[in-house]
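First the structure, in the form of structure tokens, and then the observations on it.
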There are 2 protein chains.
Amino acid sequence: MTGEPNDGCADRADDELTEMADGGTSDRDWTEAEEEIMLATYRALLEHGYAGLSISRIADELGKSKASIYYHYDSKEVLLGAFLEYAIDQFESSVQTETGEDPWAELEHVVEKLLPLRVDEEKRRVQATVIGLRGQAVTSDAFREQFTEIDEQLAATIRDIVQRGIENGTFRDVDADRVAEHVLATINGAMYGRVTSDRETAVAAVRVSLSSYLDTELRPQS
Amino acid sequence: MTGEPNDGCADRADDELTEMADGGTSDRDWTEAEEEIMLATYRALLEHGYAGLSISRIADELGKSKASIYYHYDSKEVLLGAFLEYAIDQFESSVQTETGEDPWAELEHVVEKLLPLRVDEEKRRVQATVIGLRGQAVTSDAFREQFTEIDEQLAATIRDIVQRGIENGTFRDVDADRVAEHVLATINGAMYGRVTSDRETAVAAVRVSLSSYLDTELRPQS
DNA sequence: GTCTATACACCGATAGAC
DNA sequence: GTCTATCGGTGTATAGAC
């Protein structure tokens, strides 16, 4: 990689899911300079939130001038698109489970990963940052497409676990897709609530209820 | 779009907000001028989204100058706080059910109200606006407090329905709070997904699954 | 109460030196 | 590749006439 200026077309979005499918970490080739900018963007987001994110702020975090950022990215919009791609690469690989495990444990792993019972301050800010970004999907097609992909990927992960559990007799023969969508929506709603309200106890209640729901829904009747 | 302060689309937006104003628990007296500003803010939000909301835009919708807005509100922050209060007054009363009805019907009413199966374009924009506003709760204490109140109110509404159903023997003796939190999180998650992704079928799947969940959870075993 | 005009900060983005 | 300097635009907010 020569470190040439990024022309800014989001032409890589398509490979994303397919590369994920074979379980590999789909690292696109980030220049060292680009990666530094991504990390500076991340820090600026944590510190100022999406509404307070500006090229100046990113440049401050980067320790360089604004113009140097425009050497690597043609516009703020392009930079944000790249950042979203970068962030999603990291996130999605962290949810993967090792197949072949006990389906109950796999489900538990996914739920705990997406909706941890206890979050330290840093994790909370990360989640808040994600939610802040996702809020922009309301008015940005590019953002919405990215988050569509994320949800699609997460739903597929849950669906596959349930499906495998059904096939090897661990679970009852339920509609795997319906269960997956339910679990995903519940998790998303609880996570959303966690960072946009102060109802601390709600997440714990949802976690309990979710376990109960999965048990009722999936455990074979004796 | 003409330069006119009001166009047809914006008028219908007014209806959406004002029609909810019957029987409300509005504990504040809005002057006519203030209410006009609130409605202009609402139209500007629908049209430009939260990120594109400015005093200029509101003034345009209002058909008056920026300065006239500052006569009524000392700052944009104050104005937005007032708007949130105004909008929540309207919203909360719209979810109320007539007590004494069949608990099944009451639950169905709440779910359909919060997560309608079919949404026309306008309703979608209203939901998108709410999500856009709520995203700001991540970085604004005032916003977060308001949405905490909303969720608290909604959870209480659901909890009370379940509780009454238990007491009159319609429902099984479950943990009403746990069920309420589960339902609320699922609804919020599905609504959130609806406006921040393009997974159209997901909402329908969640609705089906939610009905199934409530039936399994609440219907007395015979 | 509403207007016009304006102050001042910051934004995204560019030009051109080095 | 990074810098300084700057452009044009928009934002919030205010001053002062009417």
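Just so we're on the same page: letters track the sequence lines, and every chain starts at 1.
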Rounded to the nearest Å, what distance is computed from the [atom1] atom of residue [X] to the [atom2] atom of nucleotide [N]?
| X | N | atom1 | atom2 | answer |
| --- | --- | --- | --- | --- |
| A:Tyr73 | C:dA13 | OH | P | 14 Å |
| A:Asp74 | C:dA13 | CG | C1' | 11 Å |
| B:Glu35 | C:dG1 | CD | P | 15 Å |
| A:Arg57 | C:dG12 | CZ | C1' | 14 Å |
| A:Tyr71 | C:dA15 | OH | P | 16 Å |
| B:Lys76 | D:dT10 | NZ | C1' | 11 Å |
| B:Glu77 | D:dG11 | CD | P | 18 Å |
| B:Ile69 | D:dT12 | CD1 | C1' | 12 Å |

Give the nucleotide from the list [options] with an atom nearest to the side chain of [X].
| X | options | result |
| --- | --- | --- |
| A:His72 | C:dT4, C:dC11, D:dG1 | D:dG1 |
| A:Tyr70 | C:dC3, C:dC11, C:dT14 | C:dT14 |
| B:Lys66 | D:dC3, D:dA13, C:dA13 | D:dA13 |
| A:Lys64 | D:dA13, C:dG1, D:dC3 | D:dC3 |

Review point. So which one's nearest nucleotide on DNA chain C is more toward 5', A:Ser56 or A:Ala67?
Key: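 Going by which nucleotide is closer to the 5' end, it is A:Ser56.
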So, does [X] use its side chain to make a donor-acceptor pair with the main chain of [Y] at under 3.5 Å?
| X | Y | answer |
| --- | --- | --- |
| A:Arg43 | A:Glu61 | yes |
| A:Ser209 | A:Ala205 | no |
| A:Ser68 | A:Ser65 | yes |

Exercise for review: Under 4.0 Å between any heavy atoms, over every strand shown, what does A:Ser54 touch: base, sugar-phosphate, or nothing? Just pick one.
Suggested key: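 Sugar-phosphate: the residue A:Ser54, judged by heavy atoms under 4.0 Å, touches backbone atoms but no base.
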Review point. What is the minimum heavy-atom distance between B:Leu115 and B:Val206, and which atoms define it?
Key: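 Closest approach of B:Leu115 to B:Val206: CD2-CG1, 4.4 Å.
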Practice item. Using only side-chain N and O atoms of B:Ser65, determine if any of them is under 4.0 Å from OP1 or OP2 of C:dT4. Key: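 For C:dT4, neither OP1 nor OP2 has a side-chain N or O of B:Ser65 closer than 4.0 Å.
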Practice item. Check whether any side-chain nitrogen or oxygen of B:Ser68 sits under 4.0 Å from OP1 or OP2 of C:dC3, and answer yes or no. Key: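 Checking B:Ser68 against C:dC3: at least one side-chain N or O falls below 4.0 Å of OP1 or OP2.
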Point to revise | Gap between atom OG of B:Ser197 and atom CZ of A:Phe143 - 0.5 Å precision | key: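 OG of B:Ser197 is found 15.0 Å from CZ of A:Phe143.
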